[in-house]
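Presented below is the structure to which this report refers.
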Amino acid sequence: MLQPANVGHHQRNPPALRRLAAFASSKASSPHAPTRCVGPALDTRHHLPDPRGRRTAGVATFADPQPTRLEWHAGAFTLAPTTPLVASAATRAVALTVGDSLRLATGFALTVTETDPGRPGIVFEHDPALEPRLGREGYRLSVAAEGVRLRATGEAGLFYAGITLRQLLPARPAPGLSDAEHTAGPGLSVPAVEIEDSPRFGWRGLLLDPARHFLPVEFVKRFIDLMALHKLNTLQLHLTDDQGWRLEIRRYPRLTSVGSVRPESPKRGDRNAGDGTPYGPFFYTQAQVRELVAYAATRHVTIVPEIEMPGHFRAALAAYPEFSCTGGPFQVRTRWGIEPDILCAGNDHALEFVEAILAEVIELFPGAFIHTGGDEAPKNRWKECPRCQARIRALGLKDEAELQSHFTARLSRFLADRGRRLIGWDEILEGGLAPGAAVMSWRGWEGGIAAASLGHDVVMSPTTHCYFDYAQAQGPGEPESIGGFIPLAKVYGFDPIPQALDAARARHILGAQGNIWGEYLFEPRDVEYFAFPRAIALAEVLWSHPAPRDYAGFLRRLAVHLERLDALHVNYRRLDPAPEPTPRSQERDGRRPKAERGFPRIPGPFGVAKPLHLPPPVTGSTPAPPPAAAYGMSDPVASSAGCGVKWRA
């Protein structure tokens, strides 16, 4: 049973809180109060009466992720243009963000106040007593005719409560009403509900790859908004690779003046041919990075930078060839794949070079983790390099694999001395791993199992379930991809905890991440097409607790949730028509991609937008900045959820 929390420590708005507490107490003490929801997910669409007989009422349909406990009650709250957002000084910032989100759905510019206005409102409350049960990201949401109450230990929980509240509203304002009618109307009905919710995993991530095809700042903001919509909280930016260096490093300006430009790219539709068109310079300035980090922080998304080393380092070596084993010269790689020329691990100046880069990265990204790659680093150059071989002998190492381990351990110590943690792809396990380093397991499950067994934290990201650049379906209408096949059903069936781990070792699994590699994603709309709806399935896997999953029920909820993506003009891949697909039938069915859409301007504080096209490449050492406001930002706190429910009249 959901119990009311002690509200005595919040005295700024005692009348409003007393009204809500009284409602919660009456429900908790009633012999007819609903019980904890259990069992498979049910279809929760529930249309409420229209208070004026001419408005489309709220649709209480949860799509993703499912909340832990949900109870429907009789009655509803009327959200009106005059509904106050009641927040203390400590909760004002998150109340403003939630209010902006609700404005997108309702058209109502809700006002934040610290004092009780004497009418039903939406109350934001810090409740430290919830932390032992729900953690820092969990929350309780109570909706009744008397008002709405959002409670959580910290801002993240209140933010996610706001996401769920947004889910109780229509995907877009009611059709057929003018802006004046909509804003002046009596309000929208929000069903009475009690929700207690918290995430299963702390790392709920996606990866974007602007190193291969650059993604402008405004699109990254839009993507952050879409992550927040689904309660995803970690964005890994793959900022450097053989094909481009996309981050300004002030100490080494040639990294961007040279490394952010490639002579050509693989041709669309013919990966073995070049397109003959120079690409770049494209990169993020440090000012833009700080802007992105701050933007993400307000949506409780942490940006994890990935600076690849020692492999996938050709763009850096094109700018500074003296840090290679051979001395170059090099140009930025123009084809996808694995590059034999890597950083020289036997060169002290090369090691100082990468540490100086990381020092600037640390100043830009305040999160706990810095990703240093470590994957696909061929050792042939090290085998032939006198300095690398001398380093192996001097350290008493067995081979080049242990030399990479020594290199990674040095980076790990460098980061640890500055309060950060190294995370890398599972190749960093080869030759041993420094204490405190974390592993991102991509080559199946074995790397994650090995790392967790050794006491290292792990983020699961296996190619079998989490590589969203793989095809979603097999058919002549699907867009070009790198290969592979991961349908929606397979993502939904993913469990990040390997069965081989016991409970003690399973605690090292921080969560999981879907990777949207950019080789064959030429424009932002391609990123959206490959990401969604698979990212929605992954979000539910990572947030919801592992009750038996019902894929057919998920598809029913998802079909409703996609109306929200339509309202935000997201270029997602449409669901296949009935009969509902299974993994086997998906392999047989042909699919056609969703038609490209325009991106009309969306009113409200988070709206801008039209289709994005990168500017033509320019030459010279000063990069052309990405076009400002070139791509639409979505609702930052619209989300979806659902679970097995109980309804009582």
Side-chain angles (χ1 to χ4, degrees), residues 12-13 16 20 48 50-52 54-59 76-125 141 143 145-150 155 158-191 221-222 224-225 228-229 295 298-300 564 567-569 600-609 629 632-639:
R12 290 182 179 272
N13 184 42
L20 283 169
L48 296 171
D50 180 350
R52 267 194 345 199
R54 73 181 189 89
R55 303 208 61 183
T56 300
V59 178
F77 171 76
T78 299
L79 179 65
T82 57
T83 297
L85 303 175
V86 184
S88 67
T91 60
R92 179 178 175 83
V94 69
L96 287 169
T97 304
V98 171
D100 284 342
S101 170
L102 295 175
R103 183 176 181 177
L104 285 175
T106 65
F108 304 157
L110 304 179
T111 301
V112 177
T113 178
E114 290 191 32
T115 60
D116 180 19
R119 60 183 183 276
I122 300 172
V123 180
F124 295 78
E125 179 189 353
L141 172 64
V143 179
E146 295 83 354
V148 178
R149 186 182 185 190
L150 291 71
E155 283 198 7
L158 290 173
F159 178 79
Y160 293 132
I163 289 176
T164 303
L165 177 62
R166 167 66 178 84
Q167 185 68 31
L168 293 168
L169 294 166
R172 64 183 92 205
L177 297 177
S178 68
D179 289 344
E181 286 179 307
H182 182 76
T183 305
L188 294 170
S189 294
V190 184
K221 288 181 178 179
R222 171 179 170 90
I224 290 167
D225 288 335
L229 182 145
Y295 186 89
T298 63
R299 289 139 181 86
H300 297 275
R564 294 181 175 85
L568 298 170
H569 308 284
R601 184 173 298 275
I602 304 170
F606 294 99
V608 289
M633 290 179 283
S634 70
D635 175 357
V637 289
S639 186

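Treat the numbers as computed from the prediction; the structure is a model and nothing was measured. Throughout, numbering of the chain's residues begins at 1 and tracks the sequence.
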I need the H300 NE2 to L158 CG distance, nearest 0.5 Å. 8.0 Å

Should I122 and L79 count as side-chain neighbours, where that means a heavy-atom distance under 4.5 Å? yes

Would you name the heavy atoms of R92 and V112 that are closest together and state the gap between them? NH1-CG1, 3.5 Å

Are D225 and R299 close enough that some pair of their side-chain heavy atoms sits under 4.5 Å apart? yes

Non-hydrogen atoms of L102 and R166 that approach each other most closely: CD2-CA, 4.1 Å

Check: F159 and T298 side chains under 4.5 Å, non-hydrogen atoms: no

Sidechain-backbone polar pair: T164 side chain, Y160 backbone, donor-acceptor under 3.5 Å: yes

Which heavy atom of S189 sits nearest a heavy atom of A76, and at what distance? CB-CB, 4.3 Å

Check whether any side-chain heavy atom of V98 sits under 4.5 Å from a side-chain heavy atom of L85, and report yes or no. no

Write down the atom of P120, the atom of F77, and the distance for their closest heavy-atom approach. CB-CE1, 3.7 Å

Minimum-distance pair of heavy atoms, taken over all atoms of H569 and R222: O-NH2, 2.9 Å

Residues that T111 engages under side chain to side chain contact (heavy atoms under 4.5 Å, CB included), provided they are two or more places apart: none

Could you tell me if the side chain of P117 sits less than 4.5 Å from the side chain of V86, heavy atoms only? yes

Between R564 and L229 (side chain of the first, backbone of the second, donor and acceptor by atom type, cut-off under 3.5 Å), is there such a pair? no

4.5 Å side-chain heavy-atom contact, L188 and L169: yes

L141 and L165 have their tightest heavy-atom pair at CD2-N, 3.9 Å

